[in-house]
Structure formats: structure tokens, C-alpha cells
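Lettering of chains follows the sequences in order, A, B, ..., and the numbering in each one begins at 1.
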Amino acid sequence: MLDNLKNYPVNGFYDEAVQDADTPRPAARALFTRLDGSYFDSLQEMQKAAEVAIAQMGISFTVYSDKGNIDRLWPFDAFPRTICNTEWTAISKGLTQRLKALNMFIEDVYNDRKIFKAGIIPEDVITSSKDFRPECMGMKLKHSSWACICGSDLVRDGEGKVYVLEDNLRVPSGVSYMLENRAVMKQVMPEIFQDMNILPIDEYPLQLLSMLRSLCPTNEKNPEVVVLTPGIFNSAYYEHAYLAHEMGTELVEGSDLVVLDDDCVYMRNIEGLKRVDVIYRRIDDAFIDPEVFREDSALGVPGLMRAWRAGNVAIANAPGCGVADDKVVYAYVPDMIRFYLDEEPLIDNVPTYLCDREEDRKYVLEHLSELVVKPANESGGYGLLIGPKASQEEIDTFAQLIEENPRNYIAQPTLNLSTVPTVCDKTLEPRHVDLRPFILQGKKSYVTAGGLTRVALTKGSLVVNSSQGGGSKDTWIVVEE
Amino acid sequence: MLSKVAERVYWLARYIERIENTARLAKVHSQLMLDLPKSVKLSWYDLVQITGNEDYYAENYDSRSEQNCMNMLLKDRNNSSSLMSSLWWARENIRTTRDILPREAWIHINELYIMVKNHQEDFGVRAKRNALLSTIIRSCQAFTGMLEGTMSHNETYRFLKLGMLIERADMTTRLIDEGGLFVAQEQFENEEESPFDAILWANLLRSVSAYFMYRQQYQTEISGQEVLHFLTQDKDFARSVSYCLGEMSFIMRKLPNPEPMQNALELLQKKISAEQKLNIGSNELHQHLDWIQRELSQINGLLYDNWFNPKQVA
């Protein structure tokens with residue numbers, strides 16, 4: 001049908017843009033029509049223009065390495081990932097449902113523990129989690145909003161079915177790249193935006209601000225919201241500054257805040273000390289309050305937990321909500337949805353084996369070369385075993401790790417992640433992708449239109465993390481005419 | 001406005017002013033080398049004393065050579081008050097306050113930093129040093145002018161201005177001290193008034209671009225006493241100590257609770273005006289200038305108590 005699809009290999013994977021050798025998927029049809037003709041030349045031009053725009057806008061991220069931290073430009077691919085609006089509406093309902101259940105679960109963990117008493121989840125899953133914080137016991141939060149900002153990773157398998165791969169509830173990052181990617185795309189292909197009906201995403205900072213304001217624990221009409229960053233050396237500092245700037249709030253470091261004897265939080269301001277009502281923190285639990293957690297933390301604010309417990313300040317995400325950001329807990333999310341909401345999950349989990357269960361462990365150890373094994377409590381794609389690509393030595397190492405600490409490992413079948421056409425040297429080639437939408441829950445819920453599509457730029461690779469050779473694409477939720 | 005941000009822009013301006021004045025100081029010293037007769041012994045080490053770096057020098061350098069002194073003053077990154085250090089810190093401070101300053105501010109200082117870094121060997125070569133110093137001075141002036149012309153004169157701008165003025169007042173006293181040291185040295189050697197005084201003071205005036213302004217005010221011969229008066233007490237000259245203090249007080253009137261600082265500034269201004277003739281080259285003058293520097297440091301402390309490190313709920 002379209003010339004430009006002739007040489008694109010569709011081999012066994014679900015491609016997001018191409019149905020079969022000469023048919024684009026409905027959401028991508030308009031895009032291919034626009035690009036027809038000398039499409040690859042123009043795409044390469046757009047790719048170059050995008051790279052220039054990124055350098056000018058100074059979009060960068062920091063990679064931690066032995067040779068010191070380096071600011072690298074954000075790797076970006078100009079071919080967008082398209083999803084049709086009907087499908088997305090269903091997905092966002094599923095995401096909202098999921099976060100609601102997760103928040104009810106966290107509040108339950110720190111209060112009545114009904115779900116354990118009902119025998120749905122074994123209690124030791126929680127007490128053995130390194131992110132369980134006894135300091136949070138008995139806390140009830142406004143709107144039951146513990147995980148107020150969630151970045152859930154979605155993947156599509158070979159059949160095109162969407163699964164949730166994990167929920168990032170601690171300090172999920174990447175949203176600024178989602179916004180910047182769109183800004184870049186609007187700059188390099190403005191005509192296409194005019195022709196196609198693509199849902200806008202730039203309202204995110206305002207949605208975030210309004211959610212944060214809704215958390216204010218006091219009657220303050222005009223709550224003071226701040227973004228708390230570990231500082232300029234953090235890999236996501238760019239995003240912290242970006243969001244603070246877009247929301248018009250102060251970007252503070254721990255040393256800018258102080259908790260006085262009245263258990264209230266103040267920021268050091270030239271007028272004097274000024275009361276702070278809501279803190280959007282981008283620092284891990286362990287570092288937020290040296291009085292309670294790590295004493296050696298210079299990033300946090302002594303007394304912050306006191307102020308939070310006294311109900312004088314809201315912290316987003318709330319301390320202790322990492323307890324639900326654990327790959328073992330993840331396995332139980334569908335059960336949570338049934339238990340708390342009395343609904344069926346709208347999006348499925350990837351089938352997950354918990355190595356702590358004897359039966360599962362036996363299966364995992366016998367099938368290591370087919371499975372992906374993940375530590376229950378790491379992020380950033382570190383410490384993984386990808387069975388089909390691992391050497392016998394690596395498999396043996398993981399077998400031993402699992403035997404030593406079964407609670408800390410889960411396994412999942414290797415998914416044939418879906419692909420999206422990606423601009424390579426001479427032609428478009430399929431590359432594997434995932435998708436991280438951002439979900440907000442305060443007084444109201446909100447899901448971004450699309451999210452951050454991460455792409456494994458290396459041929460055949462399934463690892464999409466920016467720290468390990470991944471890049472990103474703009475994500476278009478396309479309303480069909 | 002966050003205290004930390006105010007503190008950063010205040011120091012940004014102090015560093016820029018310090019860079020400009022350090023360059024001026026080094027330049028005037030090199031100029032004097034050319035103009036004064038060989039019989040007058042120049043000491044490069046004066047630069048170390050004027051900038052208050054005697055201890056650091058003793059620990060890190062041996063001979064008091066031109067190379068060593070210039071290196072410490074301009075290039076040495078371990079010396080926290082060297083020109084290169086000030087430039088590095090100015091750049092860091094802009095980097096972390098980029099979102100409230102005009103975009104050109106970062107580009108300007110980043111370019112200056114890269115240029116000076118690539119040419120820092122020129123500091124050691126007499127023939128090239130002056131050209132480099134002149135470029136640096138011009139670049140600092142362009143920067144100050146760019147901010148003046150492109151920024152809203154808001155709180156950020158006021159803190160920039162305060163930093164610039166307090167540093168300038170301090171550096172002016174140090175430049176006068178430089179002249180005093182020369183005179184003292186000559187007196188020690190000649191025990192009478194030297195014919196080279198006029199050259200000395202003309203050079204000093206030029207070093208702060210004050211020569212023409214001074215000339216317009218005083219049509220007589222250049223005398224040390226009048227130069228001293230002009231640089232400390234003149235009400236209109238932009239680099240005189242008294243003018244800087246008055247401007248600071250005026251600039252801060254729109255900042256929250258400026259009264260304690262304004263009172264201190266006024267008092268200091270009065271005391272400086274009340275000071276009658278101090279002999280050039282005398283130890284009393286040196287003491288007097290040191291005292292002004294200490295008073296300025298007290299005022300800097302007041303800014304911390306009130307704005308940069310507040311203790312009271314607003």
C-alpha cells in the first residue's frame with residue numbers, strides 16, 4: 001500500500017506502527033501518509049533537527065560511572081510511537097483503578113491490615129520489605145493519597161496485549177522528558193500536528209500542581225508547595241528544576257528548609273522563615289530526615305517526619321509508600337483490586353513467579369534460561385538476569401542468589417516486547433519499546449495522555465533504561481477521525 | 001525569594017566585581033613597573049599583602065618573584081580569592097541560578113571562563129598579560145551593563161547590585177592601600193617627598209578608571225590627599241567608598257526589613273566622612289583602610305543574619 005513500508009521487516013514481534021508488510025496500523029496511517037515519498041530522507045532530517053533542538057534546549061541527564069558523573073544529551077528518536085485513543089481510554093481507566101487499590105493497600109498496611117487478616121497476602125511480605133517504615137504506623141492521609149505520583153511501566157507482548165510490568169511509587173522520574181520530547185517534535189514536524197488529532201500533554205505540570213495543592217493538610221487557602229531536590233549533582237536535577245519552574249514553585253534543597261519547635265516546616269526566605277504546606281520530594285525515604293532515617297544524610301531536613309506525623313505538612317510521595325513498590329507486592333496487585341474495590345483488574349500483570357513460594361522457586365530454578373529474574377527491590381534495570389541471553393556462569397550465579405535469599409527475587413517469562421520503527425543509519429528498523437505513563441492521585445485522579453516511550457536503541461536489546469543505552473520517543477495518542 | 005538564591009546572586013556579583021578589580025590591581029602594578037624609575041624598588045609581594053593573602057603565600061610559595069605573585073593572584077585555583085577561582089565560582093553561581101537570570105548571563109560568563117582558561121599562561125608573560133587583563137575588565141563591565149539593561153530591577157537585581165557595591169567598596173580601599181604602600185616605601189628610602197608621587201597617583205586613578213572624573217573635579221596637581229578624599233568620600237564617583245555605601249542603602253530600601261543594614265551603612269558613611277587628613281604612607285592610613293574593610297565585613301554579616309540565614313518567622 002505505501003512505498004515506505006516495503007522494506008520494513010515485521011518478524012514475529014508486535015509492531016506498534018505496522019500491521020503487516022504493507023499495512024500501517026490505524027493510529028499510524030496518517031503519519032505514514034504524511035511521510036510518503038522521500039520519507040526516509042525527511043525523517044533523517046527531522047532526526048538531525050531534533051538532536052540540534054535537544055542540544056540547544058540543554059536537555060541532559062547524568063550517568064553515574066566510575067569515571068565521575070557525566071552530563072549526556074538525552075538520546076531521542078524522531079519516529080513517534082502511536083496509540084489510538086479508544087485503546088488509551090481503556091488503559092487509563094485501568095491505571096487509575098490500579099493506583100487507587102495500591103493507595104488503599106498502603107494505608108491498610110500502616111493501619112488495620114485487613115488484607116492480611118483476610119488471608120489475601122501473607123503478612124511477612126510486608127514485614128520483610130526493606131521499604132516498610134514502622135514510623136508510618138497509624139498514619140491516615142488526606143484522600144488516602146500515599147503514592148500521589150506513580151509511573152507504571154507498560155509493555156505489550158507478541159500478541160499485542162498490554163500488561164503492567166511494574167509500578168514506580170517511590171520517586172518516579174522521566175515526566176520532563178515526556179514533555180520535552182513533545183516540544184521537540186512540535187518543532188520538527190509542525191505540519192503533522194496540524195493534520196492529525198493528537199492529544200496534548202502539556203497540561204501535566206498544572207495537573208501536578210493542583211494535585212499537590214489538594215494534599216494540603218491544613219485549611220490554608222493558598223498552600224505553599226515546594227519541590228525538594230537532592231541538588232544539582234542528582235541525575236534527575238534537570239527534571240526537578242523543570243517541574244518547579246513550570247509549576248512556579250520554589251525548588252529547594254534540604255538546607256533551605258527547617259522544622260521549628262512547633263513541628264511546622266519553614267523555608268529560609270529573605271522575608272524570614274516562611275511556612276511550607278506541601279513538599280514534592282525527589283529524595284528517597286532513607287534521606288529525608290536524618291533524625292529518623294539515615295543520620296549521615298545531608299540532603300534531608302531534620303524533624304521532617306515529626307512535622308508530617310503531626311499533620312502539619314504533606315509529603316508527596318508519602319514516606320513509607322515504597323512498601324508497595326516491591327516486585328513481590330506487585331504480584332498481588334490484581335488481588336488488591338478485587339479485595340478493596342470489588343472490581344476485576346482492567347489491565348493484567350505480567351505472570352510472575354515468587355521465588356519465596358516453594359513451588360514457584362522450583363519452577364524458576366529449572367527454567368532460568370527462559371525467564372527474566374529481577375531483584376524485588378531495585379530500579380533502573382540493574383541486577384537483572386535475562387535468561388535467554390545469559391551465559392551458564394550468570395545463570396549459576398543467579399541460582400545461588402535465589403537459593404540464598406528467595407524473598408528478594410521474582411521471575412517472569414521473557415516477553416516479546418513490541419517494536420516501533422526507529423531511525424537507523426540507512427533505513428527504519430524495528431526496536432523494542434515500553435511505555436511509562438504517569439498517574440496522579442490527590443483529590444482527583446489524572447493519567448497523562450500517553451507517557452514516556454522508552455526504546456532500546458541497540459538492535460535486539462530489551463533494556464530500555466537511559467542509563468543502559470536506551471533512548472526515548474514521543475508518544476502520540478491519536479484520535480481517529 | 002529563597003535565601004539561598006539571594007545569597008548566590010549576591011556572591012555572583014561579588015565575584016564578578018572581584019575579578020574586575022583583581023585584574024585592575026594586577027594591571028596598575030604592571031604599569032607602575034614601567035613608569036617608576038629603577039631606583040624605586042617595586043615589590044610584587046605588595047599584591048599579596050593588599051589582597052590579604054600573606055599566610056596562604058607563606059605556605060605555598062617560596063621566593064617573592066613576579067611569577068609567583070602573579071600566579072597566586074591570578075591563576076592559582078587553590079587560592080580561593082584568585083581571579084581564576086572567582087571566575088570559577090561566578091560560573092557555578094550562575095549555573096545554579098540560571099532560571100532567574102537572563103539567558104545571556106550564563107553564555108557570557110561561560111565564554112569568559114573558557115577564554116581565560118585557554119589563555120591563562122598569558123598571565124605569566126608580561127607582554128601578553130595586560131591585553132588579557134584588559135579583555136577581562138571589559139568583559140566584566142559588559143556583563144554588569146547587560147544585566148542592568150536587560151533585567152527587571154527586582155529583588156534578584158537588588159541582591160546583585162548589593163554584592164557588586166560591597167565588593168567594589170572593599171576593593172577600592174585595597175587599591176588605595178596599594179598606593180600607600182608605595183609611598184611608604186619611597187619615604188623609607190628617600191625620607192622626603194618623592195617626585196614620582198604624581199605618577200603613582202595618576203596610575204592609581206587610572207586603575208579605577210577615575211582619572212578623568214578626578215580631573216573634572218580637581219583642576220590642581222594630583223595630590224595623594226585629594227585622591228584619598230576622592231576615592232573614599234566623594235558622593236558622586238561610582239567607585240568611591242562613600243558612594244557605594246549610599247547606593248547600597250538606597251538599593252535595599254525595597255527589600256524586606258532593611259533598617260538594621262541601612263543604619264549600619266549610614267553610621268559607617270558618617271565615620272568615614274568625619275575622618276580628616278591621614279598622612280599618605282602612614283601606618284594610620286593603612287589601619288584606617290583595614291578598619292573600613294572590617295566594617296564592610298560586619299555589614300556582610302548583617303546581610304546574613306537578616307536575609308541569607310534568617311532565624312525568625314516572617
Side-chain angles (χ1 to χ4, degrees), chain A residues 55-60 62 69 71 176 205 220 224-234 237-277 279 298-299 301 307 312, chain B residues 1-12 88-89 91-107 109-110 154-163 248 251-262 300 302-314:
Chain A
Q56 273 175 349
M57 289 154 88
I59 309 172
S60 62
T62 314
N69 301 337
D71 265 349
S176 65
E220 176 60 49
E224 182 78 39
V225 177
V226 298
V227 178
L228 175 61
T229 171
I232 192 155
F233 298 109
N234 184 271
Y237 180 80
Y238 175 83
E239 176 160 310
H240 309 159
Y242 180 94
L243 290 174
H245 198 247
E246 290 291 314
M247 292 193 290
T249 61
E250 294 288 0
L251 177 66
V252 302
E253 290 171 32
S255 58
D256 295 318
L257 300 180
V258 59
V259 179
L260 298 185
D261 293 338
D262 60 0
D263 286 351
C264 292
V265 182
Y266 296 87
M267 77 175 141
R268 295 191 166 91
N269 207 282
I270 57 167
E271 278 90 21
L273 300 175
K274 194 171 180 200
R275 178 85 185 263
V276 171
D277 303 289
I279 300 175
L299 305 175
V301 186
N312 291 331
Chain B
M1 187 179 194
L2 268 187
S3 298
K4 175 188 65 195
V5 176
E7 187 189 356
R8 279 183 187 157
V9 293
Y10 169 80
W11 274 102
L12 162 64
W88 191 83
W89 280 110
R91 182 170 170 269
E92 274 311 287
N93 280 16
I94 296 197
R95 218 155 82 95
T96 45
T97 48
R98 268 164 94 167
D99 51 335
I100 55 164
L101 294 176
R103 203 180 146 74
E104 298 81 11
W106 161 253
I107 296 172
I109 294 303
N110 193 37
N154 53 12
E155 283 175 339
T156 310
Y157 184 76
R158 287 172 198 280
F159 279 105
L160 281 167
K161 204 73 192 172
L162 288 178
M248 284 180 74
I251 288 284
M252 66 174 62
R253 77 196 185 284
K254 286 192 181 168
L255 292 173
N257 317 314
E259 295 79 16
M261 278 74 72
Q262 285 182 315
N300 181 65
L302 282 177
L303 302 187
Y304 270 82
D305 296 342
N306 281 276
W307 290 321
F308 305 150
N309 191 15
K311 300 272 190 287
Q312 302 298 318
V313 176

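The structure places CG of A:L273 at 7.5 Å from CD of B:Q312, a figure rounded to the nearest 0.5 Å. Between atom CG of residue B:L2 and atom CE of residue A:M267 there is a gap of 5.5 Å, rounded to the nearest 0.5 Å. Considering CG of A:L251 and NZ of B:K4, their distance stands at 6.5 Å, rounded to 0.5 Å.
A donor-acceptor contact shorter than 3.5 Å links the side chain of A:N269 to the backbone of B:M1.
Both the backbone and the side chain of A:E271 come within contact range of chain B, with heavy atoms under 4.5 Å apart. Heavy-atom distances place the side chain of B:E155, and not its backbone, under 4.5 Å from chain A.
Scanning both residues, A:I270 and B:W307, for their nearest heavy atoms gives O-CD1, 3.0 Å. For the residue pair B:P310 and A:G272, the shortest heavy atom distance occurs at CB-CA, 3.7 Å.
At a heavy-atom separation below 4.5 angstrom, chain B is approached by A:D256, A:L260 within residues 254-261 of chain A.
Within 6.0 Å of CH2 on B:W11 lie more than 12 heavy atoms contributed by other residues, nucleotides or ligands.
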